[in-house]
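Just below is one structure, and these are the notes that go with it.
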Amino acid sequence: MINPTRIAQVRAAEDARFVAANPRSAKAAQDRAQGWHQGVPFHWMRDWPSPFPLTAAHAQGSILTTLDGQDLDDFCLGDTASMFGHSPAPLVRALTEQVSQGLSYMLPSDTAATVGALLAARFHLPHWQLTTTASEANRAVIRWARAITGRSKILIFNGCYHGAVDDVFVDLRDGQPETRQSLVGQVWDVRDHTIAIEFNDGPALEAALATGEIACVLAEPVMTNCGMVLPQPGFLALMRTATARTGTLLIWDETHTISSGPGGHSGTFGPGGDMFVIGKSIGGGVPCAAFGFTDAVARGMEAARAHLPPGHSGIGTTLSANALAIRAMAAMLGEVMSPAAYAHMTDLAAELAGRIEGVIDRHKLPWHVARVGARVEFECSDRPPTNGTQARAAMDHDLESLIHLMLVNRGTLLAPFHNMMLVSPATTMIQVDRLVANLDAALCELE
Ligand SMILES: Cc1ncc(COP(=O)(O)O)c(C=O)c1O
(Lines give C-alpha, C1' and ligand atoms only; values in the text may rest on other atoms or scores of the structure.)
Protein backbone atom coordinates (compact mmCIF):
# COMPACT_ATOMS: atom_id res chain seq x y z
CA MET A 1 0.00 0.00 0.00
CA ILE A 2 1.00 3.64 -0.20
CA ASN A 3 3.22 5.00 2.53
CA PRO A 4 1.73 7.89 4.63
CA THR A 5 5.06 9.77 4.63
CA ARG A 6 5.07 9.73 0.86
CA ILE A 7 1.45 10.94 0.86
CA ALA A 8 2.41 13.93 3.05
CA GLN A 9 5.44 14.81 0.83
CA VAL A 10 3.49 14.63 -2.40
CA ARG A 11 0.59 16.54 -0.86
CA ALA A 12 2.82 19.53 -0.10
CA ALA A 13 4.20 19.56 -3.64
CA GLU A 14 0.75 19.20 -5.22
CA ASP A 15 -0.74 21.97 -3.07
CA ALA A 16 2.05 24.28 -4.24
CA ARG A 17 1.51 23.23 -7.87
CA PHE A 18 -2.21 23.95 -7.57
CA VAL A 19 -1.65 27.42 -6.05
CA ALA A 20 0.87 28.32 -8.76
CA ALA A 21 -1.40 27.16 -11.57
CA ASN A 22 -4.56 28.93 -10.42
CA PRO A 23 -3.79 32.57 -9.49
CA ARG A 24 -7.13 33.90 -10.74
CA SER A 25 -9.11 31.30 -8.83
CA ALA A 26 -7.05 32.24 -5.76
CA LYS A 27 -7.86 35.92 -6.23
CA ALA A 28 -11.55 35.13 -6.77
CA ALA A 29 -11.56 33.07 -3.58
CA GLN A 30 -10.13 36.07 -1.71
CA ASP A 31 -12.70 38.40 -3.26
CA ARG A 32 -15.52 36.08 -2.25
CA ALA A 33 -14.46 36.28 1.37
CA GLN A 34 -16.35 39.59 1.34
CA GLY A 35 -19.97 38.58 1.66
CA TRP A 36 -19.84 34.82 1.44
CA HIS A 37 -19.48 32.82 4.59
CA GLN A 38 -16.18 30.94 4.31
CA GLY A 39 -15.78 32.37 0.81
CA VAL A 40 -18.33 30.21 -0.99
CA PRO A 41 -22.03 30.64 -1.81
CA PHE A 42 -22.71 27.06 -0.65
CA HIS A 43 -20.63 25.30 1.99
CA TRP A 44 -20.23 22.02 0.03
CA MET A 45 -18.00 24.01 -2.34
CA ARG A 46 -15.38 23.97 0.43
CA ASP A 47 -15.20 20.18 0.17
CA TRP A 48 -12.88 20.03 -2.84
CA PRO A 49 -9.47 18.58 -2.00
CA SER A 50 -7.58 21.68 -3.19
CA PRO A 51 -6.25 24.56 -1.05
CA PHE A 52 -9.15 26.68 -2.37
CA PRO A 53 -11.96 25.75 -4.78
CA LEU A 54 -11.38 26.38 -8.44
CA THR A 55 -13.56 29.14 -9.85
CA ALA A 56 -15.53 28.01 -12.88
CA ALA A 57 -15.64 30.32 -15.89
CA HIS A 58 -17.95 28.22 -18.08
CA ALA A 59 -18.61 24.65 -19.15
CA GLN A 60 -19.71 22.92 -22.30
CA GLY A 61 -20.26 19.25 -22.93
CA SER A 62 -17.64 17.36 -20.94
CA ILE A 63 -15.24 20.27 -20.47
CA LEU A 64 -15.20 22.74 -17.62
CA THR A 65 -13.07 25.84 -18.10
CA THR A 66 -11.62 27.54 -15.04
CA LEU A 67 -11.09 31.24 -14.49
CA ASP A 68 -7.40 30.63 -15.19
CA GLY A 69 -8.30 29.33 -18.63
CA GLN A 70 -7.60 25.65 -18.02
CA ASP A 71 -9.93 23.21 -19.79
CA LEU A 72 -10.60 20.33 -17.40
CA ASP A 73 -11.94 16.96 -18.50
CA ASP A 74 -15.03 16.96 -16.34
CA PHE A 75 -15.93 13.56 -14.87
CA CYS A 76 -17.73 15.21 -11.93
CA LEU A 77 -20.38 16.82 -14.10
CA GLY A 78 -21.95 18.82 -11.30
CA ASP A 79 -22.11 15.66 -9.16
CA THR A 80 -24.71 14.20 -11.56
CA ALA A 81 -26.76 17.36 -12.31
CA SER A 82 -24.93 17.71 -15.62
CA MET A 83 -24.47 14.00 -16.24
CA PHE A 84 -25.70 14.39 -19.81
CA GLY A 85 -23.10 17.07 -20.52
CA HIS A 86 -23.05 20.77 -19.74
CA SER A 87 -25.60 22.84 -21.66
CA PRO A 88 -26.63 20.33 -24.34
CA ALA A 89 -28.06 22.10 -27.42
CA PRO A 90 -31.73 20.99 -27.00
CA LEU A 91 -31.71 22.26 -23.40
CA VAL A 92 -30.21 25.59 -24.43
CA ARG A 93 -32.88 26.00 -27.15
CA ALA A 94 -35.72 25.16 -24.79
CA LEU A 95 -34.51 27.45 -22.01
CA THR A 96 -33.84 30.30 -24.42
CA GLU A 97 -37.42 30.08 -25.70
CA GLN A 98 -38.95 29.87 -22.24
CA VAL A 99 -36.92 32.63 -20.70
CA SER A 100 -38.90 35.42 -22.37
CA GLN A 101 -42.27 33.75 -21.75
CA GLY A 102 -42.38 33.84 -17.96
CA LEU A 103 -40.68 31.40 -15.66
CA SER A 104 -43.08 30.52 -12.88
CA TYR A 105 -46.90 30.78 -13.09
CA MET A 106 -48.39 28.52 -10.37
CA LEU A 107 -50.30 27.07 -13.30
CA PRO A 108 -49.28 24.16 -15.51
CA SER A 109 -47.75 25.28 -18.79
CA ASP A 110 -48.78 23.46 -21.97
CA THR A 111 -45.46 21.56 -21.96
CA ALA A 112 -46.58 19.81 -18.75
CA ALA A 113 -48.67 17.29 -20.70
CA THR A 114 -45.62 16.33 -22.75
CA VAL A 115 -43.44 15.89 -19.67
CA GLY A 116 -46.06 13.81 -17.82
CA ALA A 117 -46.32 11.46 -20.79
CA LEU A 118 -42.51 11.24 -21.13
CA LEU A 119 -42.05 10.39 -17.44
CA ALA A 120 -44.82 7.76 -17.47
CA ALA A 121 -43.50 6.07 -20.61
CA ARG A 122 -39.85 6.06 -19.57
CA PHE A 123 -40.22 4.93 -15.97
CA HIS A 124 -43.31 2.71 -16.37
CA LEU A 125 -45.33 4.45 -13.65
CA PRO A 126 -48.66 6.14 -14.43
CA HIS A 127 -48.69 9.04 -11.92
CA TRP A 128 -46.17 11.82 -11.33
CA GLN A 129 -45.56 14.94 -9.27
CA LEU A 130 -42.72 17.44 -9.40
CA THR A 131 -40.57 19.05 -6.75
CA THR A 132 -37.57 21.35 -6.99
CA THR A 133 -34.91 18.98 -5.70
CA ALA A 134 -34.49 15.25 -5.13
CA SER A 135 -34.19 15.92 -1.40
CA GLU A 136 -37.62 17.44 -1.49
CA ALA A 137 -39.00 14.55 -3.56
CA ASN A 138 -37.67 12.10 -0.96
CA ARG A 139 -39.25 14.09 1.86
CA ALA A 140 -42.54 13.96 -0.08
CA VAL A 141 -42.51 10.22 -0.71
CA ILE A 142 -41.72 9.49 2.94
CA ARG A 143 -44.69 11.64 4.01
CA TRP A 144 -46.97 9.96 1.50
CA ALA A 145 -45.83 6.48 2.52
CA ARG A 146 -46.58 7.24 6.17
CA ALA A 147 -49.95 8.77 5.30
CA ILE A 148 -50.97 5.86 3.07
CA THR A 149 -49.89 3.03 5.37
CA GLY A 150 -50.65 4.69 8.71
CA ARG A 151 -47.19 3.49 9.90
CA SER A 152 -44.58 5.88 11.25
CA LYS A 153 -41.31 4.02 10.62
CA ILE A 154 -39.19 3.96 7.52
CA LEU A 155 -36.32 1.65 6.66
CA ILE A 156 -33.07 2.80 5.10
CA PHE A 157 -29.65 1.26 4.56
CA ASN A 158 -26.57 2.12 6.58
CA GLY A 159 -24.37 4.52 4.61
CA CYS A 160 -27.17 5.81 2.40
CA TYR A 161 -27.63 9.38 1.26
CA HIS A 162 -30.95 10.64 -0.05
CA GLY A 163 -30.36 14.38 0.24
CA ALA A 164 -31.21 16.85 2.96
CA VAL A 165 -33.86 14.59 4.50
CA ASP A 166 -33.77 14.46 8.30
CA ASP A 167 -35.43 11.03 8.49
CA VAL A 168 -32.67 9.15 6.70
CA PHE A 169 -29.64 10.20 8.74
CA VAL A 170 -29.27 7.08 10.84
CA ASP A 171 -25.95 5.22 10.76
CA LEU A 172 -24.93 1.92 12.23
CA ARG A 173 -21.78 1.96 14.38
CA ASP A 174 -20.73 -1.47 15.59
CA GLY A 175 -24.21 -2.58 14.62
CA GLN A 176 -25.94 0.05 16.79
CA PRO A 177 -28.07 2.83 15.28
CA GLU A 178 -26.94 6.41 15.86
CA THR A 179 -27.92 9.78 14.47
CA ARG A 180 -25.34 10.87 11.86
CA GLN A 181 -22.73 12.66 13.93
CA SER A 182 -22.11 15.51 11.49
CA LEU A 183 -25.72 16.79 11.38
CA VAL A 184 -26.08 20.46 12.27
CA GLY A 185 -28.82 21.50 14.69
CA GLN A 186 -30.52 18.11 14.86
CA VAL A 187 -32.74 18.25 17.96
CA TRP A 188 -35.03 15.23 17.68
CA ASP A 189 -33.90 11.65 17.71
CA VAL A 190 -34.09 10.42 14.16
CA ARG A 191 -33.94 6.83 15.37
CA ASP A 192 -37.46 7.07 16.79
CA HIS A 193 -38.96 6.56 13.35
CA THR A 194 -36.12 5.27 11.21
CA ILE A 195 -34.67 1.78 11.13
CA ALA A 196 -31.24 1.34 9.57
CA ILE A 197 -29.96 -2.06 8.46
CA GLU A 198 -27.04 -3.11 6.28
CA PHE A 199 -27.51 -3.33 2.52
CA ASN A 200 -27.50 -6.92 1.26
CA ASP A 201 -28.63 -8.25 4.66
CA GLY A 202 -31.69 -10.30 3.70
CA PRO A 203 -32.45 -11.71 7.18
CA ALA A 204 -32.30 -8.23 8.77
CA LEU A 205 -34.61 -6.91 6.06
CA GLU A 206 -37.14 -9.68 6.53
CA ALA A 207 -37.05 -9.31 10.33
CA ALA A 208 -37.59 -5.53 10.19
CA LEU A 209 -40.46 -5.81 7.73
CA ALA A 210 -42.10 -8.64 9.67
CA THR A 211 -42.83 -6.19 12.51
CA GLY A 212 -45.50 -4.64 10.28
CA GLU A 213 -44.33 -1.19 11.48
CA ILE A 214 -42.47 -0.03 8.40
CA ALA A 215 -44.23 2.37 6.01
CA CYS A 216 -41.60 2.23 3.30
CA VAL A 217 -38.15 1.10 2.32
CA LEU A 218 -36.31 4.02 0.72
CA ALA A 219 -33.26 2.83 -1.19
CA GLU A 220 -30.98 3.24 -4.12
CA PRO A 221 -30.85 -0.05 -6.08
CA VAL A 222 -27.07 0.38 -6.04
CA MET A 223 -25.62 2.40 -3.18
CA THR A 224 -23.71 5.25 -4.79
CA ASN A 225 -23.00 7.62 -1.95
CA CYS A 226 -20.51 5.65 0.18
CA GLY A 227 -18.26 4.67 -2.65
CA MET A 228 -20.34 2.15 -4.56
CA VAL A 229 -22.01 -0.94 -3.12
CA LEU A 230 -23.57 -3.33 -5.60
CA PRO A 231 -26.59 -5.47 -4.71
CA GLN A 232 -25.80 -9.15 -4.31
CA PRO A 233 -27.73 -11.53 -6.53
CA GLY A 234 -31.34 -11.83 -5.36
CA PHE A 235 -31.23 -8.95 -2.86
CA LEU A 236 -33.31 -6.49 -4.93
CA ALA A 237 -35.82 -9.24 -5.73
CA LEU A 238 -36.07 -9.99 -2.02
CA MET A 239 -36.70 -6.31 -1.32
CA ARG A 240 -39.58 -6.43 -3.77
CA THR A 241 -41.21 -9.61 -2.49
CA ALA A 242 -40.69 -8.86 1.23
CA THR A 243 -42.10 -5.32 0.96
CA ALA A 244 -45.10 -6.50 -1.06
CA ARG A 245 -45.79 -9.29 1.43
CA THR A 246 -45.75 -6.92 4.43
CA GLY A 247 -47.70 -4.02 2.92
CA THR A 248 -44.58 -1.84 2.88
CA LEU A 249 -44.00 0.57 0.00
CA LEU A 250 -40.79 0.10 -1.94
CA ILE A 251 -39.35 3.43 -3.06
CA TRP A 252 -36.44 3.51 -5.47
CA ASP A 253 -34.40 6.69 -5.29
CA GLU A 254 -32.86 6.66 -8.76
CA THR A 255 -31.36 10.13 -8.64
CA HIS A 256 -27.90 8.63 -9.20
CA THR A 257 -28.73 5.22 -10.67
CA ILE A 258 -30.36 6.88 -13.66
CA SER A 259 -26.83 6.20 -14.92
CA SER A 260 -27.87 2.53 -15.37
CA GLY A 261 -30.05 3.03 -18.41
CA PRO A 262 -32.88 5.16 -19.85
CA GLY A 263 -35.37 3.87 -17.25
CA GLY A 264 -32.93 4.01 -14.36
CA HIS A 265 -31.74 0.82 -12.68
CA SER A 266 -35.19 -0.56 -11.84
CA GLY A 267 -36.50 0.29 -15.32
CA THR A 268 -33.53 -1.44 -16.94
CA PHE A 269 -32.96 -4.46 -14.69
CA GLY A 270 -36.03 -4.51 -12.43
CA PRO A 271 -37.68 -5.02 -10.08
CA GLY A 272 -40.05 -2.07 -10.24
CA GLY A 273 -41.01 -0.24 -7.04
CA ASP A 274 -44.20 1.37 -5.76
CA MET A 275 -42.66 4.82 -5.97
CA PHE A 276 -39.70 6.23 -7.87
CA VAL A 277 -37.64 9.36 -7.24
CA ILE A 278 -35.48 11.12 -9.77
CA GLY A 279 -33.74 14.49 -9.58
CA LYS A 280 -30.60 16.36 -10.60
CA SER A 281 -29.94 15.31 -14.21
CA ILE A 282 -33.52 15.42 -15.52
CA GLY A 283 -33.29 19.21 -15.53
CA GLY A 284 -29.76 19.22 -16.94
CA GLY A 285 -28.78 21.65 -14.17
CA VAL A 286 -32.10 23.50 -13.85
CA PRO A 287 -33.39 22.60 -10.37
CA CYS A 288 -36.18 20.05 -10.68
CA ALA A 289 -37.08 16.55 -9.53
CA ALA A 290 -39.99 14.16 -9.87
CA PHE A 291 -41.60 11.28 -8.08
CA GLY A 292 -43.76 8.65 -9.72
CA PHE A 293 -46.11 6.04 -8.33
CA THR A 294 -48.49 3.22 -9.12
CA ASP A 295 -52.29 3.30 -9.37
CA ALA A 296 -52.53 1.66 -5.95
CA VAL A 297 -50.35 4.39 -4.39
CA ALA A 298 -52.43 7.07 -6.12
CA ARG A 299 -55.60 5.58 -4.62
CA GLY A 300 -53.89 5.45 -1.22
CA MET A 301 -52.97 9.13 -1.50
CA GLU A 302 -56.53 10.10 -2.29
CA ALA A 303 -57.86 8.03 0.59
CA ALA A 304 -55.32 9.57 2.98
CA ARG A 305 -56.19 13.11 1.95
CA ALA A 306 -59.92 12.44 2.17
CA HIS A 307 -59.55 12.24 5.97
CA LEU A 308 -57.67 15.53 6.23
CA PRO A 309 -59.02 19.07 6.36
CA PRO A 310 -57.94 21.46 3.58
CA GLY A 311 -54.67 23.28 4.27
CA HIS A 312 -50.94 22.80 4.04
CA SER A 313 -49.89 19.28 3.10
CA GLY A 314 -46.23 19.75 3.97
CA ILE A 315 -45.39 18.60 0.45
CA GLY A 316 -43.93 20.80 -2.26
CA THR A 317 -42.74 24.39 -2.44
CA THR A 318 -43.67 27.49 -4.45
CA LEU A 319 -41.24 26.83 -7.28
CA SER A 320 -42.21 23.15 -7.74
CA ALA A 321 -43.17 22.50 -11.38
CA ASN A 322 -42.29 26.01 -12.53
CA ALA A 323 -42.43 26.62 -16.27
CA LEU A 324 -38.64 26.76 -16.72
CA ALA A 325 -38.17 23.40 -14.97
CA ILE A 326 -40.91 21.79 -17.06
CA ARG A 327 -39.35 23.09 -20.24
CA ALA A 328 -35.94 21.81 -19.15
CA MET A 329 -37.34 18.35 -18.43
CA ALA A 330 -39.10 18.22 -21.79
CA ALA A 331 -35.77 18.85 -23.53
CA MET A 332 -33.79 16.45 -21.35
CA LEU A 333 -36.27 13.56 -21.40
CA GLY A 334 -37.42 14.11 -24.97
CA GLU A 335 -34.16 14.86 -26.73
CA VAL A 336 -31.03 14.47 -24.60
CA MET A 337 -31.42 11.31 -22.46
CA SER A 338 -31.80 9.13 -25.53
CA PRO A 339 -30.96 5.45 -26.06
CA ALA A 340 -28.08 6.53 -28.32
CA ALA A 341 -26.70 8.77 -25.57
CA TYR A 342 -26.88 5.89 -23.11
CA ALA A 343 -25.16 3.51 -25.51
CA HIS A 344 -22.21 5.90 -25.82
CA MET A 345 -22.05 6.59 -22.08
CA THR A 346 -22.26 2.95 -21.05
CA ASP A 347 -19.72 1.68 -23.58
CA LEU A 348 -17.21 4.37 -22.73
CA ALA A 349 -17.74 3.90 -18.98
CA ALA A 350 -17.07 0.16 -19.39
CA GLU A 351 -13.86 1.05 -21.25
CA LEU A 352 -12.90 3.47 -18.47
CA ALA A 353 -13.57 0.88 -15.75
CA GLY A 354 -11.46 -1.73 -17.57
CA ARG A 355 -8.61 0.69 -18.13
CA ILE A 356 -8.54 1.76 -14.48
CA GLU A 357 -8.43 -1.90 -13.50
CA GLY A 358 -5.38 -2.18 -15.76
CA VAL A 359 -3.66 0.72 -13.94
CA ILE A 360 -4.47 -0.81 -10.56
CA ASP A 361 -2.99 -4.15 -11.69
CA ARG A 362 0.11 -2.49 -13.08
CA HIS A 363 0.74 -0.82 -9.72
CA LYS A 364 0.00 -4.08 -7.89
CA LEU A 365 -2.58 -2.37 -5.69
CA PRO A 366 -5.36 -4.44 -4.10
CA TRP A 367 -7.99 -1.89 -5.23
CA HIS A 368 -10.97 -2.53 -7.44
CA VAL A 369 -13.49 -0.76 -9.66
CA ALA A 370 -17.30 -0.76 -9.56
CA ARG A 371 -19.61 0.51 -12.28
CA VAL A 372 -23.31 1.13 -12.67
CA GLY A 373 -23.88 2.05 -16.32
CA ALA A 374 -22.25 5.42 -16.92
CA ARG A 375 -21.05 5.79 -13.31
CA VAL A 376 -17.65 4.39 -12.37
CA GLU A 377 -15.96 4.32 -8.97
CA PHE A 378 -12.55 3.10 -7.91
CA GLU A 379 -12.21 1.99 -4.32
CA CYS A 380 -8.93 1.86 -2.45
CA SER A 381 -9.81 -1.28 -0.53
CA ASP A 382 -8.85 -4.89 -0.99
CA ARG A 383 -12.36 -6.21 -1.56
CA PRO A 384 -15.55 -4.72 -2.92
CA PRO A 385 -17.72 -3.55 0.00
CA THR A 386 -21.08 -5.28 0.31
CA ASN A 387 -22.56 -2.84 2.82
CA GLY A 388 -22.18 0.64 4.29
CA THR A 389 -19.93 -0.40 7.17
CA GLN A 390 -17.43 -2.02 4.81
CA ALA A 391 -17.66 0.93 2.43
CA ARG A 392 -16.90 3.39 5.23
CA ALA A 393 -13.96 1.27 6.41
CA ALA A 394 -12.60 1.20 2.85
CA MET A 395 -12.22 4.98 2.59
CA ASP A 396 -8.80 6.54 2.94
CA HIS A 397 -9.41 10.26 3.03
CA ASP A 398 -5.79 11.47 2.89
CA LEU A 399 -4.87 9.24 0.00
CA GLU A 400 -8.05 9.72 -2.00
CA SER A 401 -8.15 13.50 -1.65
CA LEU A 402 -4.50 13.61 -2.75
CA ILE A 403 -5.26 11.54 -5.83
CA HIS A 404 -8.11 13.92 -6.68
CA LEU A 405 -5.77 16.90 -6.32
CA MET A 406 -3.11 15.23 -8.47
CA LEU A 407 -5.70 14.55 -11.14
CA VAL A 408 -7.02 18.09 -11.15
CA ASN A 409 -3.45 19.41 -11.37
CA ARG A 410 -3.12 17.26 -14.51
CA GLY A 411 -6.43 18.30 -16.08
CA THR A 412 -8.98 15.73 -14.85
CA LEU A 413 -11.85 16.65 -12.53
CA LEU A 414 -13.42 13.97 -10.32
CA ALA A 415 -16.34 14.47 -7.94
CA PRO A 416 -15.09 15.89 -4.64
CA PHE A 417 -16.77 13.50 -2.22
CA HIS A 418 -15.48 10.08 -3.33
CA ASN A 419 -13.84 8.46 -6.36
CA MET A 420 -16.83 8.79 -8.66
CA MET A 421 -16.51 9.37 -12.39
CA LEU A 422 -19.41 10.03 -14.76
CA VAL A 423 -19.27 9.54 -18.50
CA SER A 424 -21.55 11.87 -20.44
CA PRO A 425 -22.75 11.69 -24.06
CA ALA A 426 -20.10 14.33 -24.81
CA THR A 427 -17.20 12.52 -23.11
CA THR A 428 -14.59 11.27 -25.56
CA MET A 429 -12.14 8.39 -25.66
CA ILE A 430 -9.34 10.98 -25.59
CA GLN A 431 -10.63 12.24 -22.25
CA VAL A 432 -10.76 8.68 -20.93
CA ASP A 433 -7.18 8.15 -22.16
CA ARG A 434 -6.09 11.28 -20.35
CA LEU A 435 -7.82 10.28 -17.11
CA VAL A 436 -6.19 6.87 -17.16
CA ALA A 437 -2.75 8.32 -17.99
CA ASN A 438 -3.11 10.93 -15.23
CA LEU A 439 -4.08 8.29 -12.67
CA ASP A 440 -1.15 6.16 -13.76
CA ALA A 441 1.21 9.14 -13.43
CA ALA A 442 -0.18 9.99 -10.00
CA LEU A 443 0.31 6.44 -8.74
CA CYS A 444 3.86 6.33 -10.15
CA GLU A 445 4.67 9.44 -8.15
CA LEU A 446 3.19 7.98 -4.99
CA GLU A 447 5.21 4.77 -5.15
C1 LIG B 1 -29.41 9.17 -4.24
C2 LIG B 1 -29.64 10.62 -3.97
N3 LIG B 1 -30.88 11.04 -3.72
C4 LIG B 1 -31.14 12.32 -3.49
C5 LIG B 1 -30.14 13.26 -3.49
C6 LIG B 1 -30.45 14.69 -3.20
O7 LIG B 1 -30.33 15.48 -4.34
P8 LIG B 1 -30.38 17.05 -4.19
O9 LIG B 1 -29.16 17.45 -3.43
O10 LIG B 1 -30.37 17.55 -5.60
O11 LIG B 1 -31.63 17.38 -3.46
C12 LIG B 1 -28.84 12.86 -3.75
C13 LIG B 1 -27.73 13.84 -3.77
O14 LIG B 1 -26.59 13.54 -3.95
C15 LIG B 1 -28.58 11.52 -4.00
O16 LIG B 1 -27.35 11.06 -4.24
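One is the number of the first residue; the rest follow in order along the sequence. Every number for a ligand or one of its atoms is a count from 1 in the order of the listing.
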From Asp192 atom CG to Ser152 atom OG, the distance as rounded to the nearest 0.5 Å: 9.0 Å
Glu220: numbered ligand 1 atoms lying under 4.0 Å from its heavy atoms: 1 (C)
Contact atoms of ligand 1, heavy-atom distance to Thr133 under 4.0 Å: 11 (O)
Enumerated ligand 1 atoms positioned under 4.0 Å from heavy atoms of Asn225: 1 (C), 15 (C), 16 (O)
Atoms in ligand 1 with a heavy atom of Gly163 nearer than 4.0 Å: 4 (C), 5 (C), 6 (C)
Distance-only N or O hit between ligand 1 and Ser135, under 3.5 Å: yes
Lys/Arg-Asp/Glu bridge criterion (N-O < 4.0 Å) met for Asp274, Arg240: yes
Carboxylate-amine/guanidinium contact Arg11 Asp398, below 4.0 Å: no
No-hydrogen, no-angle side-chain donor-acceptor test under 3.5 Å, Thr55 and Arg32: yes
Asp71 versus Thr65, side-chain donor and acceptor atoms under 3.5 Å: yes
For atom 3 (N) of ligand 1, closest protein heavy-atom neighbour: Asp253 OD2, 2.6 Å
Pair Glu351 + Arg371: basic N to acidic O under 4.0 Å: no
Nearest protein heavy atom with distance in Å, relative to atom 14 (O) of ligand 1: Lys280 NZ, 2.7 Å
Polar side chain donor-acceptor pair, Arg375 to Thr80, under 3.5 angstrom: yes
Atoms of ligand 1 close to Thr255 [distance to a heavy atom under 4.0 angstrom, numbered from 1]: 2 (C), 3 (N), 4 (C)
Protein residue, atom and distance nearest to atom 7 (O) of ligand 1, heavy-atom basis: Ala134 CB, 3.4 Å
N/O separation below 3.5 Å, His256 to ligand 1: yes
Aromatic centroids of Phe123 and Trp128 separated by under 6.0 Å: yes
Ligand-side contact atoms (ligand 1) for residue partner Asn138, heavy atom cut-off under 4.0 Å: 3 (N), 4 (C)
